[in-house]
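What you see is a predicted model; the values in this text were computed from it and never measured.
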Amino acid sequence: MEIRIDFDSDEALYMQLRNQIIYGIATRRYREGDSLPSVRQLAETVGINMHTVNKAYAVLREDGLLRLGRRTGAVIAVNIDTLKAMEELRDELRLIAARGFCKGISRDTIHQMIDDIYSDFE
């Protein structure tokens with residue numbers, strides 16, 4: 001598992017870890033049913049505290065992307081709650097679109113940006 005943490009970033013370490021795992025899922029480096037390293041193993045590999053990894057895994061579970069079990073550990077589980085994820089994504093996109101609208105960014109430009117981003121994952 002390749003994770004890069006920027007210790008000089010203002011972004012919280014657990015969010016950096018969470019985001020990198022999400023990008024890994026989106027780019028198919030991690031697939032449904034794949035096991036992630038144990039909290040201890042990932043903390044040692046990346047050089048961060050185990051509590052930080054625990055928090056990232058917990059947020060990913062809340063996001064509906066991970067299943068956590070005592071025996072199985074952290075397992076990619078993308079399809080847990082698709083409808084809930086779509087509602088949350090719609091809310092996030094609504095805010096992003098509103099910010100773009102306020103800055104005078106056109107609908108076509110936003111669509112093109114989304115298409116460009118999606119092409120990174122295909």
Side-chain angles (χ1 to χ4, degrees):
M1 170 176 246
E2 183 181 329
I3 299 288
R4 292 189 197 122
I5 298 295
D6 180 358
F7 293 98
D8 295 324
S9 173
D10 290 335
E11 184 175 36
L13 297 177
Y14 80 94
M15 288 301 290
Q16 290 184 49
L17 180 57
R18 169 196 173 257
N19 293 344
Q20 290 211 18
I21 292 171
I22 289 172
Y23 288 131
I25 294 168
T27 58
R28 296 185 181 97
R29 279 187 301 165
Y30 316 125
R31 298 178 186 273
E32 182 79 21
D34 285 353
S35 293
L36 295 179
S38 71
V39 169
R40 177 170 302 194
Q41 184 181 16
L42 187 55
E44 288 176 7
T45 300
V46 177
I48 57 178
N49 190 292
M50 288 187 347
H51 296 293
T52 303
V53 177
N54 251 338
K55 188 166 184 177
Y57 280 5
V59 172
L60 286 163
R61 186 189 72 227
E62 290 171 14
D63 289 345
L65 298 173
L66 275 188
R67 184 177 63 245
L68 299 174
R70 287 186 183 269
R71 293 183 184 202
T72 59
V75 177
I76 302 296
V78 177
N79 296 320
I80 289 177
D81 196 358
T82 303
L83 289 176
K84 180 180 177 192
M86 286 176 59
E87 289 175 17
E88 290 172 356
L89 183 58
R90 179 185 270 294
D91 291 342
E92 291 175 32
L93 285 172
R94 182 180 301 279
L95 179 59
I96 291 168
R99 288 176 40 207
F101 183 82
C102 290
K103 295 290 186 177
I105 300 172
S106 73
R107 176 190 311 236
D108 290 338
T109 300
I110 290 175
H111 280 257
Q112 185 59 54
M113 290 170 73
I114 290 172
D115 288 344
D116 292 345
I117 291 167
Y118 256 80
S119 69
D120 291 343
F121 305 130
E122 297 177 324

Stepwise, does the side chain to side chain contact (heavy atoms under 4.5 Å, CB included) test hold for I48 with V53?
CA-CA 8 Å; I48 57 178; V53 177; 3.7 Å; yes

Residue pair [X] / [Y]: nearest heavy atoms and the distance that separates them:
X: R18; Y: D63; result: NE-OD2, 2.8 Å
X: D6; Y: L13; result: O-CD2, 4.4 Å
X: L17; Y: A56; result: CD2-CB, 3.6 Å

[Y] and [X], any side-chain heavy atoms less than 4.5 Å apart:
X: R40; Y: E44; answer: yes
X: L68; Y: L60; answer: no
X: I76; Y: L66; answer: yes
X: Y14; Y: Y57; answer: no
X: T52; Y: V46; answer: no
X: I3; Y: T45; answer: no

Other residues, nucleotides, ligands: >12 heavy atoms within 6.0 Å of [X] [atom1]:
X: E2; atom1: CD; result: no
X: M15; atom1: CE; result: yes
X: F7; atom1: CZ; result: yes

Please answer whether the main-chain N or O of F121 pairs with a side-chain N or O of R28 as donor and acceptor at a distance below 3.5 Å.
yes

Is [X] linked to [Y] within one hydrophobic cluster, defined over Ile, Leu, Val, Met, Phe, Trp and Tyr using a side-chain heavy-atom separation of less than 4.5 Å?
X: Y118; Y: I105; answer: yes
X: L42; Y: I5; answer: yes
X: Y23; Y: V59; answer: no
X: I25; Y: I114; answer: no

Pair Q112, D108: side-chain N/O donor-acceptor within cut-off below 3.5 Å
no

Rounded to the nearest 0.5 Å, what separation is found between the [atom1] atom of [X] and the [atom2] atom of [Y]?
X: D34; Y: R29; atom1: CG; atom2: CZ; result: 11.5 Å
X: L36; Y: R67; atom1: CG; atom2: CZ; result: 11.0 Å
X: K103; Y: T109; atom1: NZ; atom2: OG1; result: 15.5 Å

Evaluate the side chain to side chain contact (heavy atoms under 4.5 Å, CB included) criterion for residues L65 and I21: first the C-alpha distance (whole Å), next the side-chain angles of each, then the deciding distance (0.1 Å), finally the verdict.
CA-CA 9 Å; L65 298 173; I21 292 171; over 6 Å; no

